[in-house]
Amino acid sequence: QPHVLLLDEPTASLDAANVGNAEKLIREYGQQHQAPVVWVSHDKAQIRRVADRVLRLKDGVMQEVMP
């Protein structure tokens, strides 16, 4: 049982139905285990669906962006 999930484009190779299933599974794991989830994505729609906080790396500087 990991204490933190570090995910880099975890749904990039999935079809739309399985993207939804994976997002739900990851969200439930984080909630049930009170585990933070660090999720890297270039999919802005997905970011809006799954993120509580959004950080962006720009020119080597990490910036918080409003979701």
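Within the model, atoms CG of L55 and CD1 of I47 stand 10.5 Å from one another, a figure rounded to the nearest 0.5 Å.
For A17, the side chain to side chain contact (heavy atoms under 4.5 Å, CB included) test picks out D15, with sequence neighbours left out. Legend: residues meeting side chain to side chain contact (heavy atoms under 4.5 Å, CB included) with E28, ordered by chain and number and at least two apart, are K24, Q32. For Q63, the side chain to side chain donor-acceptor pair (under 3.5 Å) test picks out R56, with sequence neighbours left out. The side chain to side chain contact (heavy atoms under 4.5 Å, CB included) search around A12 returns E9, not counting sequence neighbours. Residues satisfying the salt bridge (Lys or Arg N to Asp or Glu O under 4.0 Å) test with R27, not counting sequence neighbours, are none.
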Side chain to side chain contact (heavy atoms under 4.5 Å, CB included) between D8 and L6, intermediate numbers included: CA-CA 7 Å; D8 185 7; L6 303 174; over 6 Å; no
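With 3.5 Å as the limit, one finds no donor-acceptor pair spanning the side chains of T11 and E23.
Taking both residues in full, the closest heavy atoms of P2 and A35 are given as O-CB, 4.3 Å, listed atom of the first, atom of the second, then distance.
Other residues sharing a hydrophobic cluster with V19 under the 4.5 Å side-chain heavy-atom criterion for ILVMFWY residues are L14.
A heavy-atom distance below 4.5 Å is not found between the side chains of L7 and V40. Counting only heavy atoms from C-beta outward, the side chains of I26 and L5 approach each other to under 4.5 Å.
Legend: ring pair (Phe, Tyr, Trp, His ring centres under 6.0 Å) pairs involving residues 31-60, not counting sequence neighbours, sorted by first then second residue: Y29-H33. Sorted pairs that involve residues 34-44 and meet salt bridge (Lys or Arg N to Asp or Glu O under 4.0 Å), not counting sequence neighbours, are lacking altogether.
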